Peer 1: 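Below you will find the structure I want to go over with you.
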Amino acid sequence: TNLATGLLEAVYDKVPLLAITGMKPTAQIGYAEFQDCNQSRLFAGAGVEWSKDAASRDAVIPLLRDAIATAITYQTCAHLAIPVDIQSATSPLS
C-alpha cells in the first residue's frame, strides 16, 4: 500500500511518474499464494489509469514506450509490472 499512496499523490499532483514493479514468474500467475495480489488491478482500482502487466519479453519495450508517453503527455502516473522470468530474458533488441 505504500507504493499505491505515492502513485496516487503523483496522479493528484499531476507529476509524471513511471513505476516499474516485479511479478512472480509467468508460469505461476493465477495461482493464489500468501499475500499475492494483482498489482495492476490494485493500482488501477486506486486511480492509476495506465497500469499494465507485461505478458511477454517482446511486449516490454512497446509497453515501456506507452507508459512513458502516457506519464509525460497526461502529467500522470503509469505502472508496468514485469514478471521475473521476463526480467531475466535476453532483450529482443540484442
Side-chain angles (χ1 to χ4, degrees):
T1 60
N2 290 333
L3 180 57
T5 303
L7 297 181
L8 286 178
E9 287 291 329
V11 170
Y12 293 139
D13 293 341
K14 298 191 181 297
V15 175
L17 182 132
L18 172 58
I20 301 173
T21 59
M23 294 174 60
K24 61 186 174 180
T26 52
Q28 296 176 9
I29 294 173
Y31 295 101
E33 295 178 17
F34 179 69
Q35 293 187 340
D36 186 24
C37 72
N38 183 322
Q39 297 173 39
S40 293
R41 289 186 66 194
L42 173 74
F43 296 136
V48 177
E49 291 184 28
W50 202 101
S51 184
K52 306 203 183 283
D53 297 338
S56 70
R57 174 191 75 150
D58 295 332
V60 173
I61 293 172
L63 285 170
L64 278 172
R65 180 198 60 223
D66 292 351
I68 293 167
T70 297
I72 293 171
T73 302
Y74 298 105
Q75 300 291 297
T76 192
C77 174
H79 165 255
L80 178 61
I82 305 173
V84 69
D85 56 317
I86 294 174
Q87 293 176 33
S88 62
T90 58
S91 169
L93 299 178
S94 55

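Keep in mind that what you see is a predicted model, and the values were worked out from it rather than measured.
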Peer 1: Calculate, to the nearest 0.5 Å, the distance between atoms OH and CG belonging to Y12 and L7 respectively.
Peer 2: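 Going from OH on Y12 over to CG on L7, the span is 11.5 Å.
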
Peer 1: Would you list the atom pairs, donor with acceptor, under 3.5 Å between side chains in residues 63-70 and any protein atom, with sequence neighbours excluded?
Peer 2:
unit_1, atom_1, unit_2, atom_2, d
T70, OG1, D66, O, 2.8

Peer 1: Testing the basics here: between M23 and Q87, what is the closest heavy-atom pair and its distance to 0.1 Å?
Peer 2: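 Closest approach of M23 to Q87: N-NE2, 4.3 Å.
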
Peer 1: Honestly curious: do V48 and L17 fall in one hydrophobic cluster under the side-chain, below-4.5 Å linking rule?
Peer 2: yes

Peer 1: Of all residues at least two apart in sequence or in a different chain, which pass the side chain to side chain donor-acceptor pair (under 3.5 Å) check with S56?
Peer 2: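 Side chain to side chain donor-acceptor pair (under 3.5 Å) check on S56 returns nothing, list empty.
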
Peer 1: When you group the ILVMFWY residues by side-chain heavy-atom contacts below 4.5 Å and let the links chain together, are I20 and V60 in the same group?
Peer 2: yes

Peer 1: Show me the side-chain donor-acceptor pairs of residues 74-85 shorter than 3.5 Å, one per line, residues at least two apart or across chains.
Peer 2:
unit_1, atom_1, unit_2, atom_2, d
Q75, NE2, I72, O, 2.8
H79, ND1, S51, OG, 2.8
H79, NE2, T21, OG1, 2.7
D85, OD1, T26, N, 3.0
D85, OD2, T26, OG1, 2.8

Peer 1: Please determine whether side chain to side chain contact (heavy atoms under 4.5 Å, CB included) holds for the pair F43 and L8, giving the CA-CA distance in whole Å, both sets of side-chain angles, and the decisive distance to 0.1 Å.
Peer 2: CA-CA 9 Å; F43 296 136; L8 286 178; over 6 Å; no

